[in-house]
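For reference, the structure is listed below as structure tokens.
Proteins come first, then strands; the chains are lettered A, B, ... in the order of their sequence lines, and each starts at number 1.
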Amino acid sequence: MLLQLLSYLAVAVFVLGILTKVVKYLRMPIHVRWELYPIPHEKGREYGGSYFEELNWWEKPIEKSFIGQIKFMVPEILFVRGLYHDNRKLWWASFPFHFGMYLVIGWLALLLIGAILNIAGLSPESVPATFLQSLAVIFGAVGFVLGTAGCIGLLILRTFDGDLRAFAAPKDYFNLVFILAIFLTGLLAWSSSDPSFVIFRDYLEGVITFNPATIESPLALAHIILLSLFFMYLPFTHMTHFFAKYFMWDKVRWDDERNLRGSAIEAKVKQVLNYRQNWSAPHIKAGKTWAETATEEVE
Amino acid sequence: MMKAEKINPKDISRPSEQMVELDPADFMKLPYPYDKGEDEPAFKRLTEDQKKKYEASLDGVLAVSIPKPATKEEEDELVRKFLSGLEKLLTKENNWTFLQPLTLSLEYCAKCQTCNDACPIYVSSGKKDIYRPTYRSEALRMIANKYLKRGGKLFAKIAGNDIELNWTTVARLAELAYRCTLCRRCAQTCPIGVDNGLITHELRKIFSQEMGIAAAEIHTLGSVQHLKKGSSTGLMPVALKDTLEFLEDDIKERTGLSIKFPLDKEGADILLIHNAGEYLSWPENPMAFAIIFEAAGLNWTLSTDLVGYDAVNYGLWYDDVQFARVAVKHAQIAKKLGVKKIVIGECGHAHKAISVTADRIINEEINIPRESSMTLLEDLVCNGKLNLDPKKNDFPVTLHDPCNMVRLMGVVEPQRNIIRKICPQFREMEPHGVRNYCCGGGSGFAIMSSMNFPNWRSSISGRMKFKQILEAFQDVIDPGIKKMVCAPCSNCKGAIREIFNYYNAWEKCGISYTGLVEFIVNAMVDIKEPYIEWPEI
């Protein structure tokens with residue numbers, strides 16, 4: 001029961017922690033434009049161009065390419081393309097690390113679906129259930145192997161590469177060792193005591209139905225505890241970049257939305273220009289709004 | 001002297017005479033004919049007096065040149081102000097302009113160092129640790145985490161924030177904020193989206209907006225002079241009018257054309273604003289604009305209002321308040337004249353300042369459309385509105401991409417289309433377009449001339465650009481073959497001019513530089529004499 005409570009707590013802390021961060025970023029005021037090209041939603045301008053290349057650009061409709069953005073994001077997210085091009089040495093560790101993590105997330109999702117189907121009355125021996133479970137085995141096993149290899153690679157680089165070591169903190173090693181322990185216990189549990197991941201699926205079923213399941217395998221138990229703890233820890237680390245990237249890319253790097261007359265942007269700018277700044281340098285009069293500060297005579 | 005290799009961010013707090021020693025022997029090698037290193041000028045060292053007087057313990061170079069505080073109390077007060085400035089940067093009232101981008105960049109660096117090799121300064125210097133794009137960012141991040149977050153001091157060691165905030169740290173950060181051109185090539189390679197260029201920008205803002213510390217050339221002689229006298233060059237309206245009259249005579253003499261610069265013409269379609277540095281250093285550029293605009297029959301004007309004749313906006317590099325003041329002035333002048341649009345001359349940072357960044361400052365009734373001159377010129381050249389003969393530009397030409405215009409604004413192809421059409425021997429630098437390298441003069445460096453900073457700029461921050469230029473011309477590197485770099489940006493031209501002088505590029509390689517409109521006028525069929533002038537040997 002304690003184990004299950006830990007899992008419930010983990011989900012609750014994870015969701016709340018992430019939501020808190022999302023709300024924090026969402027509540028921040030509009031910022032000035034600071035985009036960086038290429039912007040993949042610029043239709044037909046893959047070389048890095050913008051609508052500023054059009055004569056009288058403000059008179060023309062902006063054509064945004066959703067496909068362009070997808071074409072950029074999919075290889076970036078799945079294969080860590082940027083690192084492949086700009087830091088190949090790190091990519092050899094980072095790619096298996098991240099891809100292993102995606103597969104393990106997929107493994108969890110497949111087990112969850114299997115557990116729900118089981119609760120719904122679908123026999124575990126039925127073709128769809130067997131197929132899902134087989135897929136979960138592939139995702140889990142490959143994910144744990146890749147993740148373990150990636151973690152070890154990252155640890156080696158962080159320890160022995162002078163450039164990385166110069167910036168490394170105890171926290172960075174702790175994070176890697178923590179994640180390595182999760183991958184490794186998952187891998188060992190699979191190879192030694194749960195080759196079809198039935199223990200994990202049944203555990204998830206127990207979590208959904210509030211029926212505590214007993215875990216006999218110490219490795220599986222360790223894996224569940226570590227994973228639960230990690231879910232609680234993750235929202236408070238820089239590893240939340242998995243969602244923060246949305247803000248960093250869509251809301252900063254690719255934010256080329258124009259301030260047109262009567263637009264929502266115009267209204268937001270009007271609002272922030274009324275904030276009162278409090279800077280202390282001699283050329284600034286503290287306590288005035290930005291609109292006043294920008295238009296006052298300079299002494 | 002500290003060990004030159006693998007300096008940690010926290011080392012910035014440890015007092016020492018100098019963190020790194022700059023030795024030209026360590027710098028990135030240049031191609032032929034500089035490959036032997038024999039033509040590398042000696043690196044100018046600070047005098048003992050200068051070292052005694054100013055804070056130079058970063059790298060023995062002075063850009064900001066902060067006088068050493070006389071007492072410990074003075075030091076402590078400056079440290080306190082620094083921290084208060086950092087705190088203000090993280091509030092929406094004081095920093096709505098960049099709060100979200102800054103917070104994200106402070107919170108998400110994975111310290112993977114992928115950005116390092118994208119930085120021309122880090123690479124050109126021979127990979128000095130303190131010039132990593134991550135170095136100053138990590139130091140600032142550590143200070144913010146340790147001194148401004150709850151429990152920051154308690155967990156400083158475990159979390160990797162065990163930096164000491166003392167005067168040594170602050171003084172070195174002030175100089176280090178001016179060892180980055182804000183080209184943001186590093187941000188382009190960050191797999192997460194962290195922008196170390198932005199962090200440098202914000203660091204400069206702490207010094208300027210809270211402590212009143214900035215490089216004199218961009219603040220006192222720059223944006224302050226711009227707002228008070230009308231131009232960062234010191235050119236006042238009366239002098240501008242005299243200059244323009246002189247340029248009209250010059251146009252007549254060189255081309256036979258009688259052109260009068262239209263001034264303060266209400267209801268014109270276009271308000272053209274140049275970087276006023278052009279009038280003084282490269283007058284052939286505003287002259288060429290006038291020739292082209294008149295030949296195309298455009299309805300345009302210049303402004304002689306204070307600020308309205310100088311497109312620069314140095315605030316973009318170091319101070320949001322100064323930035324907003326200049327941007328609003330530009331827009332107000334356009335509104336007063338009733339023009340349909342502002343066209344920005346050949347000035348990269350002015351392009352980005354007024355078109356991109358100020359788009360969320362210039363609001364409501366003063367929100368007059370702004371357009372790049374590259375786009376307008378492309379229309380004139382490529383749609384047959386001018387009578388041009390490319391054979392008149394039949395010499396090797398390469399194109400420099402100003403970062404602010406290209407990577408930071410997305411104006412990539414118009415200038416290329418023009419050059420492709422009128423320069424038969426055009427060749428690209430590698431890399432180019434949005435992957436270009438900065439000229440080395442970005443973020444104010446082109447106009448900064450304190451102590452030995454120009455030496456640093458030409459030998460380190462501009463080194464990668466010089467390498468690219470030499471590589472682009474390797475097949476015609478003989479000094480007997482005259483070749484030209486097209487740099488459609490005043491600051492870039494200034495930086496390139498200094499690099500060429502530093503390395504005697506004209507004498508050794510026959511390479512010179514000019515803007516874009518000069519090529520267009522040089523190709524005009526109706527103008528008999530060559531418009532482009534080559535340096536005298």
Side-chain angles (χ1 to χ4, degrees), chain A residues 25 28-38 42 47-50 52-55 58 80 82-83 86-87 90 162-164 166-167 169-171 238 241 244-245 247-249 251-253 258-259 261 265-266 269-270 272-273 275-284 290 293-295 298, chain B residues 6 8-9 88 92-94 96-101 104 107-108 110-114 134 138 158-160 184 187-189 191-193 198 208-212 224 227-228 321 324-325 328 355-357 359-361 363-364 367 369 372 375-376 379 407-414 433-434:
Chain A
Y25 300 138
M28 285 179 173
I30 190 170
H31 53 80
V32 293
R33 278 172 58 181
W34 196 249
E35 69 252 34
L36 196 57
Y37 291 83
E42 286 278 3
Y47 55 87
S50 70
F52 288 120
E53 293 186 325
E54 292 283 328
L55 190 69
W58 55 93
V80 206
L83 218 51
D86 297 319
N87 192 349
L90 190 60
D163 291 345
L164 294 177
F167 283 68
K171 183 186 69 179
H238 80 278
H241 67 248
K245 271 181 97 163
F247 292 97
M248 299 173 91
W249 293 67
K251 296 296 169 197
V252 179
R253 191 167 163 167
R258 303 179 292 176
N259 178 9
R261 296 302 309 272
I265 297 270
E266 186 180 69
V269 172
K270 195 176 173 185
V272 292
L273 287 174
Y275 285 165
R276 287 189 188 278
Q277 54 76 22
N278 193 30
W279 290 103
S280 302
H283 65 284
I284 306 172
W290 279 86
T293 308
T295 49
V298 181
Chain B
K6 310 304 172 206
N8 297 315
K88 286 178 190 174
K92 65 177 186 181
E93 289 78 12
N94 287 303
W96 65 267
T97 44
F98 286 97
L99 181 65
Q100 192 182 51
L104 291 162
E107 290 183 359
Y108 287 102
K111 298 182 277 189
C112 68
Q113 312 301 336
T114 302
T134 46
E138 188 61 15
I158 291 173
R184 295 172 67 208
Q188 213 173 28
T189 61
I192 289 178
L198 169 74
S208 180
Q209 295 177 198
E210 187 67 5
M211 305 168 75
V224 172
L227 288 162
K228 279 186 187 169
V321 168
R325 286 171 173 165
V328 166
S355 305
V356 180
T357 314
D359 194 38
R360 292 176 187 168
I361 302 245
N363 212 33
E364 298 182 286
N367 188 354
S372 166
T375 310
L376 181 64
D379 177 57
R407 176 166 39 255
L408 310 181
M409 187 175 164
V411 177
V412 184
E413 278 296 300
V434 290

[X], part contacting chain A, at a heavy-atom distance under 4.5 Å:
X	result
B:Val321	both
B:Leu227	side chain
B:Asp379	side chain

With respect to chain A, which residue among [options] yields the maximal number of heavy-atom pairs within a distance under 4.5 Å?
options	answer
B:Gln100, B:Arg407, B:Gln209, B:Glu93	B:Gln209
B:Ile192, B:Asn8, B:Thr189	B:Ile192
B:Gly160, B:Pro9, B:Ser355	B:Pro9
B:Ser372, B:Ala159, B:Gly433	B:Ala159
B:Asn363, B:Val411, B:Thr134	B:Asn363
B:Val356, B:Leu376, B:Val328	B:Val356

- Task: State, to 0.1 Å, how close B:Arg360 and A:Ile265 come at their nearest heavy-atom pair, and which atoms those are.
- Result: NH2-CD1, 3.8 Å
Hey, which of [options] has the most heavy atom pairs under 4.5 Å with chain B?
options	answer
A:His241, A:Arg261, A:Arg276	A:Arg261
A:Lys171, A:Gln277, A:Glu53, A:His238	A:Glu53
A:Pro282, A:Gly49, A:Gly82	A:Gly49
A:Asp86, A:Ile284, A:Asn259	A:Asn259

Pick one of side chain, backbone, both or neither for [X], based on which atoms fall under 4.5 Å of a heavy atom in chain B.
X	result
A:Arg253	side chain
A:Trp34	both
A:Leu90	side chain
A:Glu54	backbone
A:Val252	side chain

- Inspect the contact between B:Glu210 and B:Lys88 and indicate whether a charged nitrogen and a carboxylate oxygen are less than 4.0 angstrom apart. yes
- Item | N-O pairing of B:Glu364 and A:Lys270 below 4.0 Å |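 Here B:Glu364 pairs with A:Lys270 in a salt bridge, since their nearest N and O are under 4.0 Å apart.
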Calculate, to the nearest 0.5 Å, the distance between atoms [atom1] and [atom2] belonging to [X] and [Y] respectively.
X	Y	atom1	atom2	value
A:Thr295	A:Leu273	OG1	CG	9.5 Å
A:Asp163	A:Asn87	CG	CG	9.5 Å
A:Trp249	A:Glu35	CH2	CD	14.5 Å
B:Phe98	A:His31	CZ	NE2	9.0 Å

- Using a 4.5 Å cut-off on heavy atoms from C-beta on, say whether the side chain of A:Phe52 contacts that of B:Met409.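 Yes, their side chains come closer than 4.5 Å.
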- Could you tell me whether the side chain of A:Pro38 reaches within less than 4.5 Å of the side chain of B:Gln188, counting heavy atoms only?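 They are in contact (side-chain heavy atoms under 4.5 Å apart), so the answer is yes.
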- Query: For B:Lys111, which residues count as a side chain to side chain contact (heavy atoms under 4.5 Å, CB included) partner, sequence neighbours excluded?
  - Reply: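 Counting only residues at least two positions away or on another chain, B:Lys111 forms a side chain to side chain contact (heavy atoms under 4.5 Å, CB included) with A:Arg158, A:Phe167, A:Ala169, A:Asp172, B:Cys109, B:Gln113, B:Glu138.
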- Within 6.0 angstrom of A:Lys251 NZ, more than 12 heavy atoms from elsewhere: no
